[in-house]
Protein chains: 2
Amino acid sequence: MTGQVRTVDGRVAGRRGQETRQKLLDCLREMLSTSPYRDVKVIDVARMAGTSPATFYQYFPDVEGAVLEIAEEMAKDADTLKELVAGKSWAGKSGTTTSEELVDGFLAFWRKNDAILRVVTLGAAEGDKRFFKIRMTVLNAVAKPLAEAVKELQAKGQADKSLDPAAVAGSLVSLLASAAEHQKAFTSWGVKVKDLKPNLAPLVYLGVTGKKAPK
Amino acid sequence: MTGQVRTVDGRVAGRRGQETRQKLLDCLREMLSTSPYRDVKVIDVARMAGTSPATFYQYFPDVEGAVLEIAEEMAKDADTLKELVAGKSWAGKSGTTTSEELVDGFLAFWRKNDAILRVVTLGAAEGDKRFFKIRMTVLNAVAKPLAEAVKELQAKGQADKSLDPAAVAGSLVSLLASAAEHQKAFTSWGVKVKDLKPNLAPLVYLGVTGKKAPK
DNA sequence: ACTTGTCCTGTCATGCCGTCAGCTTACCGT
DNA sequence: ACGGTAAGCTGACGGCATGACAGGACAAGT
């Protein structure tokens, strides 16, 4: 179903080939987290993988193509983020717990994938549809269930109905993404990294429920 | 005092030189808004400016150096953002107006400079101190006075004192920046561009005052 | 050992990078 | 008007990355 892995010139990749391919992806990932995206060169990736540039071009059309591969892998992984929101309660103190766990889980995911997410974010901002779609997959993993939660609270009359649930959820997820990507900014505002969660969680709670977080 | 403009090899730039330099910057700016950052080449900028690559290198060490120049210019411009918050009232309905004007002004600024801000954001995320500083200058133009406003409200007992004003202000500014940079994301959530302001403004109000926005 | 298809790399044409020497142009004092 | 001086620009060049291809190495089955 998922079609075998293929080289650029159409051959199917065997065991050894897939290993090489994977090694190239791993090295590229490593490279992305140590050099500016603009400076990542095929030749460096190939060197690090102990192979030649020609080999790289056998498996990927260019650096961007390989980056997309890594990004898609990560997007699959983002599915686990759904469970941070789906089926969770926002009532009273358990709502506080929910928001804290959401912030924590989201920040952890971003931190784990920060290098690739940086590139995805850039690509999306530049209007590249493929990167945009990947970014939306990640954000939606949280935003969709979050919007559902807001809608339910509104239906129960426990939240401000004048707000669009999708907009609220989207805003909160954007906030989390931005905070995760630029943690250093908060540090320079005097907010220590370990204080990030206690400061963001009440805002999430506030956004979802429209009420101050209970003690 | 502000030292004249100098070429890379130390000559002082005269009238004609400054014109060329400026033309190169303008073309680079244009280029950034039409091509992915990774694909912006010195030779293209030079061609567009009707000059040669060698001339480019006379005024800038490399593409990044020229980008920094553009970014610094923009950062100066960001000073006007202060007035969106400084001295504004958050009481009752005038608070609604304040938050709406803030959202509007901020989004407009970001839209106007989106290409260069994209690169600045990337550079900052990659840990480049020069880009980080520029980004903070822009964000602080809003975040600092906003934190002041929150602090004052807290002092008057009109806002939740358990939250760090700097963290709240930083979060809200991050949210605005993220929303501005990824307006298309909201569109894909079914939030039209013109609905962005009415949806973000109440959140800002909510974040600052801790209360639901009045009608 | 031979065949077959996968896998890798040497090599090459092309194009961008970044530098330098040297030519042209503008400005200034006399 | 004229020459001197510094600013301004570019052609040319070595170096390196890109991307394509053909051919050799290798593994597996017969």
Side-chain angles (χ1 to χ4, degrees), chain A residues 2-32 34-70 119 123 128, chain B residues 2-28 30-32 34-70 119 123:
Chain A
T2 71
Q4 309 119 304
V5 182
R6 291 197 172 261
T7 59
V8 167
D9 55 329
R11 271 203 332 280
V12 297
R15 201 209 77 234
R16 194 155 71 107
Q18 298 209 19
E19 270 173 27
T20 306
R21 202 183 121 98
Q22 193 55 49
K23 188 180 230 173
L24 284 167
L25 286 177
D26 292 343
C27 290
L28 173 55
R29 196 189 235 114
E30 165 84 21
M31 211 90 220
L32 284 175
T34 54
S35 319
Y37 181 44
R38 203 167 191 283
D39 297 340
V40 171
K41 308 285 179 202
V42 168
I43 199 171
D44 294 324
V45 177
R47 246 197 294 263
M48 186 185 284
T51 179
S52 82
T55 301
F56 181 97
Y57 285 106
Q58 200 150 60
Y59 295 107
F60 311 103
D62 50 24
V63 170
E64 205 183 73
V67 165
L68 270 169
E69 198 88 358
I70 297 177
V119 181
D128 186 304
Chain B
T2 71
Q4 311 119 305
V5 182
R6 290 197 172 261
T7 59
V8 168
D9 55 331
R11 277 202 324 280
V12 298
R15 201 209 77 237
R16 193 155 72 107
Q18 298 208 20
E19 269 174 28
T20 306
R21 201 182 121 99
Q22 193 55 50
K23 188 179 230 172
L24 284 167
L25 285 178
D26 292 343
C27 290
L28 174 54
E30 166 85 21
M31 211 92 222
L32 285 175
T34 54
S35 322
Y37 181 44
R38 204 170 191 283
D39 298 340
V40 171
K41 309 285 179 200
V42 168
I43 199 171
D44 295 323
V45 177
R47 248 196 295 263
M48 185 185 284
T51 180
S52 82
T55 301
F56 181 96
Y57 286 106
Q58 200 151 61
Y59 296 105
F60 311 103
D62 49 26
V63 171
E64 203 183 74
V67 165
L68 270 168
E69 199 87 359
I70 297 176
V119 180

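Computed from a predicted model, the values in this text were never measured in an experiment. Residue numbers start from 1 in every chain, and the chains themselves are labelled A, B, ... in the order their sequence lines are given, proteins ahead of strands.
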(request) Tell me which nucleotide among D:dT18, C:dC16, D:dG8 gets nearest to the side chain of A:Val42. (result)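 Taking heavy atoms from C-beta onward, the closest nucleotide is D:dT18.
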(message) Nearest to the side chain of A:Thr51, heavy atoms from C-beta on, is which of C:dC16, C:dT9, D:dT18?
(response)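 So the side chain of A:Thr51 is nearest to C:dT9.
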Is the side chain of [X] donor-acceptor paired with the backbone N or O of [Y] at a distance under 3.5 Å, no angle test?
X	Y	result
A:Ser35	A:Asp39	no
B:Thr34	B:Met31	yes
A:Arg38	B:Val40	yes

Between [N] ([atom2]) and [X] ([atom1]): distance, integer Å:
X	N	atom1	atom2	result
A:Met31	D:dA17	CE	P	11 Å
B:Ile43	C:dT19	CD1	C1'	15 Å
A:Arg6	C:dG5	CZ	P	14 Å
A:Arg16	D:dC26	CZ	P	8 Å
B:Lys41	C:dG18	NZ	P	10 Å
A:Gln58	C:dG5	CD	C1'	13 Å
B:Asp44	C:dG15	CG	C1'	11 Å
A:Asp62	D:dA20	CG	C1'	14 Å

Are any of [X]'s side-chain N or O atoms less than 4.0 Å away from OP1 or OP2 of [N]?
X	N	value
B:Thr20	D:dC9	yes
B:Tyr57	C:dT19	no
B:Tyr59	D:dC9	yes
B:Thr7	D:dA7	no
A:Arg15	C:dC7	no
A:Thr55	C:dT9	yes

(message) Could you check whether B:Lys23 pairs with B:Glu19 (Lys NZ or Arg NE/NH1/NH2 to Asp/Glu carboxylate O, under 4.0 Å)?
(response)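 Salt bridge absent between B:Lys23 and B:Glu19.
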(request) Would you classify B:Arg21 as touching base, sugar-phosphate or nothing, given that sugar-phosphate means primed atoms plus P, OP1 and OP2, and contacts are heavy atoms under 4.0 Å? (result)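 Nothing: the residue B:Arg21, judged by heavy atoms under 4.0 Å, touches no strand.
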(request) Hey, could you give me the CZ/CZ distance between B:Phe56 and B:Arg21, rounded to the nearest 0.5 Å? (result)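 It is 10.0 Å, given to the nearest 0.5 Å.
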(request) Please figure out whether A:Ala54 or A:Arg47 has its closest DNA chain D nucleotide nearer the 5' end. (result)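 Its nearest nucleotide lies further toward 5', so the answer is A:Arg47.
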